[in-house]
Number of protein chains: 2
Amino acid sequence: MTGATDDVDDIVAAWRRERPDLDLGPLEVLSRVSRLARHLDLTRGETFAEHQLEGYEFDVLVALRRAGTPYQLSPGRLVQQTLVTSGTMTNRVDRLAARGLVTRSPDPDDRRGVIVTLTEAGKEVVDAAFSELLDRERRLLAGLSARERDQLARLLRSLLLPFEA
Amino acid sequence: MTGATDDVDDIVAAWRRERPDLDLGPLEVLSRVSRLARHLDLTRGETFAEHQLEGYEFDVLVALRRAGTPYQLSPGRLVQQTLVTSGTMTNRVDRLAARGLVTRSPDPDDRRGVIVTLTEAGKEVVDAAFSELLDRERRLLAGLSARERDQLARLLRSLLLPFEA
DNA sequence: CAAAAGTATCTGAACGTCGAGATATCTCAG
DNA sequence: CTGAGATATCTCGACGTTCAGATACTTTTG
C-alpha cells in the first residue's frame with residue numbers, strides 16, 4: 001500500500017517540475033493548513049444550517065457562551081476572540097440582537113463601552129449547535145490515534161504561538 | 001520550563017469549566033487549524049502588498065503558473081483549485097485581465113469554454129511574490145525540526161484526504 | 001485641572017464573494 | 001439525427017467584511 005496522495009502532493013509536484021530551484025518545504029505544511037481550514041469552514045455551514053445559524057453568528061455566540069455566567073463580553077473582547085474588525089462585530093451584534101439571541105446594553109463603568117449578553121434563547125441554540133459540531137469534528141479525527149492527535153495539537157500550537165505575541 | 005500556552009489552550013480551559021460533560025478533544029486540533037489559517041491569511045497580505053497584489057489575485061496567478069507552459073487553464077479548473085464559486089472566478093479573471101496579468105480567449109475545442117492565460121507580466125509578478133512568500137513561510141516553520149515538519153505534513157494530509165473523495 | 005493622547009464603538013461606502021438562474025454548447029441514448 | 005440532459009461560463013442582486021474616519025468618553029500629562 002503506497003500512502004494516498006492529496007491535492008497538496010499534486011501542487012508540490014507541479015511546482016517541483018516548474019521551479020526545481022525553490023525549496024517547497026513550507027507548502028507541505030502550510031498549504032495543507034489553509035486548505036483544511038477552508039474545507040472545515042465549508043462543512044461547518046451544514047451543521048449550523050440545522051440550527052438556523054450562520055457560521056459568523058456561531059462564532060460570536062460561542063465566545064459569549066464559554067465566557068460563563070452572566071455570558072457577557074464587550075464588542076472589543078469579541079473582536080479579539082474572533083479575529084474580525086470592529087465594524088464587522090458591530091454588524092454581527094446588530095443581527096444577533098435583532099434575532100433575540102443577544103442583547104446590547106451600556107457598560108455602567110465606562111460610558112464609551114457596551115456589554116453584549118447572551119440571551120437564554122441564544123444559549124440554547126449555541127449549546128445545541130456546539131455539541132453537534134464537536135460530534136462532527138470528532139468523526140473527522142477518527143482516523144488518527146490519540147497519540148497522533150496529541151502530536152498534531154502540540155505541533156500546531158508551536159506554529160500558533162508566534163502570532164500571539 | 002512549562003510549555004507555553006496559546007489562545008486555544010485558554011479556549012479549551014474555558015469550555016472545560018463551562019461544559020465539563022463534553023469531550024473537547026476535537027478543538028485541540030481543529031480550532032488550531034482554523035486560527036492558524038486565519039493568521040496566515042492576514043499576514044500573507046503583507047507580502048502580496050509589496051507586489052501590488054491581493055491575496056485572491058495571487059491564488060489565481062499561482063494556479064496558472066504551476067500549470068506550466070503555456071500557462072493556461074479554464075475557469076472551471078481554476079475554480080477547482082481555488083475552492084471558490086464560478087461567479088467569483090469570473091470576477092477575478094475580469095480584474096486580472098484588466099490589469100494585464102492574464103488574458104481570456106475562447107477555447108477552440110469547446111465553444112462554451114474559455115482559456116485563461118498568464119501573461120509575461122503576470123508570470124513575473126507571481127514568481128517574485130511566490131518566492132518571497134516561501135521565504136516568509138519558511139521562517140514561520142523555523143521552530144520545528146525537519147522531522148516534526150514531516151510529521152505535521154503527514155498528519156494534515158490524512159485529515160485532508162476525506163475531503164477530496 | 002486643562003489639554004493631549006488614548007480607547008471603545010459605530011458609521012458608511014467600497015469591495016469581493018456567493019448563489020441562483022440564464023445562456024450557449026456539447027454529449028449521448030434512442 | 002433529434003431531443004434530453006449534462007456541462008462551461010457568465011450575470012446580477014444580496015450579503016458580510018473591511019477600512020477609514022467620526023464620535024464620545026476616559027486616562028495621562030504637565
Side-chain angles (χ1 to χ4, degrees), chain A residues 34-35 37-39 41-46 48-49 52-61 63-64 72-99 101-117, chain B residues 34 37-46 48-49 52-61 63-64 72-99 101-117:
Chain A
S34 293
R35 292 182 79 89
R38 176 75 174 145
H39 283 297
D41 248 20
L42 290 174
T43 61
R44 275 198 336 160
E46 296 170 23
F48 298 147
Q52 281 82 53
L53 275 184
E54 297 296 326
Y56 49 84
E57 297 178 313
F58 178 80
D59 286 344
V60 175
L61 296 180
L64 289 166
Q72 297 184 329
L73 288 173
S74 68
R77 287 228 167 289
L78 287 169
V79 161
Q80 291 177 331
Q81 300 206 22
T82 52
L83 303 178
V84 298
T85 63
S86 67
T88 298
M89 191 50 67
T90 299
N91 288 337
R92 288 186 178 185
V93 171
D94 282 350
R95 290 190 294 265
L96 288 167
R99 293 189 49 189
L101 301 177
V102 307
T103 61
R104 198 199 313 249
S105 48
D107 182 337
D109 299 327
D110 183 341
R111 276 184 294 183
R112 294 168 305 182
V114 164
I115 296 178
V116 181
T117 307
Chain B
S34 292
R38 176 76 174 145
H39 283 297
L40 288 173
D41 248 20
L42 291 173
T43 62
R44 275 198 337 161
E46 297 170 22
F48 298 146
Q52 281 81 54
L53 277 183
E54 297 295 325
Y56 50 83
E57 297 178 312
F58 178 80
D59 286 344
V60 176
L61 296 181
L64 289 167
Q72 297 184 327
L73 287 173
S74 69
R77 287 230 168 285
L78 287 169
V79 160
Q80 291 177 329
Q81 300 206 20
T82 53
L83 303 177
V84 299
T85 63
S86 66
T88 296
M89 190 51 66
T90 298
N91 287 336
R92 288 186 178 186
V93 172
D94 281 350
R95 290 191 294 267
L96 288 167
R99 293 190 50 190
L101 302 177
V102 306
T103 60
R104 200 200 310 252
S105 48
D107 182 335
D109 299 326
D110 184 339
R111 275 185 295 184
R112 294 167 306 179
V114 165
I115 296 179
V116 181
T117 307

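On a predicted model such as this, the values are computed, not experimentally measured, just so you know. Just so we're on the same page: letters track the sequence lines, and every chain starts at 1. Computation of the quantities below employed the complete heavy-atom set of this structure, encompassing side-chain atoms and omitting hydrogens, waters and symmetry-equivalent molecules.
- Among the heavy atoms of the strands lying under 4.0 Å from B:R104 are primed sugar atoms or P, OP1, OP2 only; no base atom is included.
- By the 4.0 Å N-to-carboxylate-O rule, A:R38 lies too far from B:D41 to be salt-bridged with it.
- Comparing C:dC10, C:dC18, D:dT26 against the side chain of B:V84 picks out C:dC18 as the nearest.
- Atom-to-atom, CZ of B:R77 to P of D:dT7 comes out at 13 Å; the value is rounded to the nearest Å.
- Look at CE on A:M89: it is 16 Å from C1' on D:dC19, rounded to the nearest Å.
- Within 4.0 Å of B:D107, counting heavy atoms only, lies no atom of the nucleic acid at all.
- For A:R95, the side-chain atoms get nearest to D:dG16 when compared with the rest of C:dC26, D:dG16, D:dC10.
- Between D:dT9, D:dT17, C:dC26, one nucleotide has an atom nearer to the side chain of B:R111 than all others, and that is C:dC26.
- With rounding to whole Å, B:Y56 atom OH is found 11 Å from C:dA14 atom C1'.
- Between the side chain of B:R112 and the base of D:dT7, a donor-acceptor pair under 3.5 Å is found.
- One cannot find a donor-acceptor pair under 3.5 Å joining the base of C:dC18 and the side-chain atoms of B:T88.
- Put simply, CG on B:D94 is 7 Å from P on D:dT11, counting in whole angstrom units.
- With B:T88 contributing its side chain and B:V84 its backbone, the two residues share no donor-acceptor pair below 3.5 Å.
- The nearest whole Å value for the distance from the CG atom in A:D41 to the C1' atom in D:dG16 is 13 Å.
- For B:T90, taking side-chain heavy atoms from C-beta onward, the closest of the listed nucleotides C:dT25, D:dC10, C:dT17 is D:dC10.
- Along DNA chain D, the nucleotide nearest A:D110 and the nucleotide nearest A:R92 are compared for position; the residue whose nucleotide lies closer to the 5' end is A:R92.
- Between C:dC18, C:dC26, D:dC10, one nucleotide has an atom nearer to the side chain of B:P75 than all others, and that is D:dC10.
- For the pair A:E57 CD and D:dG16 P, the computed distance is 8 Å after rounding to whole Å.
- In this structure, B:E54 does not pair ionically with B:R95, as no charged nitrogen and carboxylate oxygen lie closer than 4.0 Å.
- For the side-chain contact (heavy atoms from CB on, under 4.5 Å) with B:P75, the qualifying choice from B:V60, B:V114, B:T90 is B:V114, the only one to do so.
- Partner of A:Q72 under the side-chain hydrogen bond (donor to acceptor under 3.5 Å, both in side chains) criterion, chosen from A:T117, A:D107, A:T103: A:T117.
- DNA chain D is contacted by both B:S86 and A:L83; B:S86 maps to the nucleotide lying nearer its 5′ end (nearest heavy atom per residue).
- Per the geometry, CG belonging to B:D109 stands 10 Å off P belonging to C:dT27, to the nearest Å.
- You won't find any donor-acceptor pair under 3.5 Å spanning the side chain of A:T85 and the base of D:dC19, going by distance alone.
- At the heavy-atom level, B:G87 lies under 4.0 Å from base atoms of the strands shown.
- Atom CG in A:N91 sits about 17 Å away from atom P in D:dA14, given to the nearest Å.
- Looking at B:R44 and B:D59, a side-chain N of the basic residue comes within less than 4.0 Å of a carboxylate O on the acidic one, giving a salt bridge.
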